[in-house]
Amino acid sequence: MARKVILDVDPGIDDAMAMCLALTDPEMDVVAVTAVAGNVPAAQATRNVQAIIEQLDPPRWPRLGAASDPDTGLSVDRKSLYGSDGLGDTSFVVAERQHLLPSEKVICDQVRDAPHEVTIVALGPLTNIARAIVRDPELTALIGRIVVMGGTVAGPGNITPAAEFNMYCDAPSAQVVFRSLSTKTLVPLDVTNRVELSYNLFHQLPDESSRVGRLLRALLPPAFRGYRQQFGLEGIHVHDTVTLMSLRHPELFTTKAMAGDVETQGELTLGATVFDRRRVPAWRCNMEVVVDMHKDAVVEAIIRDLNRGPFSAE
Ligand code: RIB
Ligand code: CA
């Protein structure tokens, strides 16, 4: 039985690769893809979700949710990394679609339709998840699991010295989710930063005969350019793809029960994730945190999974 999944994404080329993997995975039933503001503002994130789904044209289209900017406003973006449109300035044409429901309503509806069965994979700021929890307080007991890409345990941030991007963009929402009684797994930068895909990836991607191959061969060159220009790296991180792999191949990852929270007030530490790692912790454990992985096996799984699925034959 395929696992029911909601992808909450702020595409972002990183998110787009994770969507390619999830939407071609026979063991994942992607019931919804909900847009959230982050790498790009809300309207662009919503448009990008539509563009990616149209490019992939999966056999069964997921419900789509429309993003709206966080209550705190969006003070940062990743246009310097992923292009002004967030998808490498590919400017995909998007069919004008009927009015989309707000992402948080789509999340509430899909969870209510399949209580305890849905895994929410949160690959952007936690705005939608927090709004869904506030909108329907019983939801935390009905969500199967929330898998979150974000935060750091011991390592530095990436958008500030203290904070990882997804947490920083909407720290109050991140705190709502961290403090909720939902079952959570966090995949922090400490782990996802360890995977850096090189240019060799272009020899390993599916070719242009597949929708996944065509989409990724359009999106990845701008991502490599962004990483070289911004970080001087000859490779790219794929934080969201690693996070999806932790769900798809859990045997490759090590998790630990931890107690975590999010700073929402600090001038220098806004968005920092704080974990009680004292010898005798006083905070109650509230999530599983991925603390290690078999990196080479994860990279092999990414390449293998990109080259499978119904789209590869097209
Ligand atoms: O810090 C990395 C995260 O921020 C990734 O999800 C990336 O897509 C951006 O949303
Ligand atoms: Ca993301």
Side-chain angles (χ1 to χ4, degrees), residues 5-23 33-42 44-49 51-52 65 67 69-70 74-88 103 120-129 146-153 155-171 173-174 177 185-197 216 219-220 222-224 226-227 230-231 233 235-247 262 270-273 289-290 302:
V5 168
I6 294 174
L7 298 179
D8 193 68
V9 292
D10 62 329
I13 295 171
D14 180 12
D15 304 69
M17 180 184 266
M19 289 173 66
C20 288
L21 284 160
L23 287 160
V33 178
T34 49
V36 64
N39 283 314
V40 289
Q44 186 68 57
T46 303
R47 180 180 177 78
N48 288 353
V49 163
I52 294 163
D69 283 338
L74 194 67
S75 63
V76 289
D77 61 45
R78 283 298 206 189
K79 293 179 180 178
S80 60
L81 203 50
Y82 295 132
S84 57
D85 68 353
L87 293 182
S103 289
I120 300 175
V121 184
L123 302 177
L126 295 176
T127 309
N128 296 333
I129 319 303
I146 306 174
V147 178
V148 176
M149 190 283 130
T152 63
V153 175
N158 58 357
I159 192 67
T160 72
E164 178 278 327
F165 182 84
N166 287 337
M167 302 297 109
Y168 181 82
C169 281
D170 189 348
S173 289
V177 175
T185 300
L186 183 80
V187 189
L189 270 186
D190 310 66
V191 168
T192 63
N193 260 341
R194 288 173 47 199
V195 171
E196 185 180 322
L197 300 185
L216 290 180
L219 293 180
L220 288 173
F224 277 90
Y227 267 80
Q230 182 142 10
F231 305 122
L233 288 178
I236 57 171
H237 291 131
V238 283
H239 306 287
D240 296 335
T241 292
V242 173
T243 300
L244 193 79
M245 288 290 116
S246 74
L247 184 65
V262 183
L270 176 67
T273 50
V289 178
V290 172
I302 291 170

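Counting convention: from 1, in listed order, for ligands and their atoms alike. Remember, predicted model here, so these are calculated numbers, not experimental data.
- Not a single N/O/S atom of V9, whether from backbone or side chain, sits less than 3.0 Å from the Ca ion (ligand 2).
- Near D14, meaning under 4.0 Å from one of its heavy atoms, ligand 1 places the atoms 5 (C), 6 (O), 7 (C), 8 (O).
- Near N166, meaning under 4.0 Å from one of its heavy atoms, ligand 1 places the atoms 3 (C), 4 (O), 5 (C), 6 (O), 9 (C), 10 (O).
- In this structure, I159 CD1 and L189 CG are separated by 11.0 Å, a value rounded to the nearest 0.5 Å.
- Heavy-atom minimum distance, A45 versus V40: N-CG2, 3.5 Å.
- When non-hydrogen atoms are compared, ligand 1 lies under 4.0 Å from the backbone of L123 (N, CA, C, O) but not from its side chain.
- At distances below 3.5 Å, not a single donor-acceptor pair connects side-chain atoms of S84 with backbone N or O atoms of K79.
- In the candidate list H239, R78, E164, M167, E164 is nearest to atom 3 (C) of ligand 1, counting heavy atoms.
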**Request:** Check step by step if side-chain contact (heavy atoms from CB on, under 4.5 Å) holds for N193 and H237.
**Result:** CA-CA 6 Å; N193 260 341; H237 291 131; 3.4 Å; yes
**Request:** Verify side-chain contact (heavy atoms from CB on, under 4.5 Å) between I129 and S173, making sure each step is shown before the conclusion.
**Result:** CA-CA 8 Å; I129 319 303; S173 289; over 6 Å; no
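- Taking the Ca ion (ligand 2) as the corner point, the angle from D15 atom OD2 to D10 atom OD1 is about 70° (rounded to 10 degrees).
- Proximity of T192 to ligand 1, defined as any heavy-atom pair under 4.0 Å, is not found for any part of the residue.
- The M149 neighbourhood of ligand 1 comprises atoms 2 (C), 3 (C), 5 (C), 6 (O), with distances under 4.0 Å to a heavy atom of that residue.
- Against a heavy-atom cut-off of under 4.0 Å, D15 is close to the following atoms of ligand 1: 8 (O).
- Residue F165 has at least one heavy-atom neighbour below 4.0 Å for each of these atoms of ligand 1: 1 (O), 4 (O), 9 (C), 10 (O).
- The proximity of N39 to ligand 1, defined as any non-hydrogen pair under 4.0 Å, is limited to the side chain.
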**Message:** Applying side-chain contact (heavy atoms from CB on, under 4.5 Å) to L87 and L219, what does each step give before you reach the verdict?
**Reply:** CA-CA 6 Å; L87 293 182; L219 293 180; 3.8 Å; yes
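- An angle of 100° is found at the Ca ion (ligand 2) between L123 atom O and D240 atom OD2, rounded to 10°.
- Within the model, atoms CG of L126 and CE of M149 stand 10.5 Å from one another, a figure rounded to the nearest 0.5 Å.
- The 12-atom threshold is not exceeded at OH of Y168, counting heavy atoms of other residues, nucleotides or ligands nearer than 6.0 Å.
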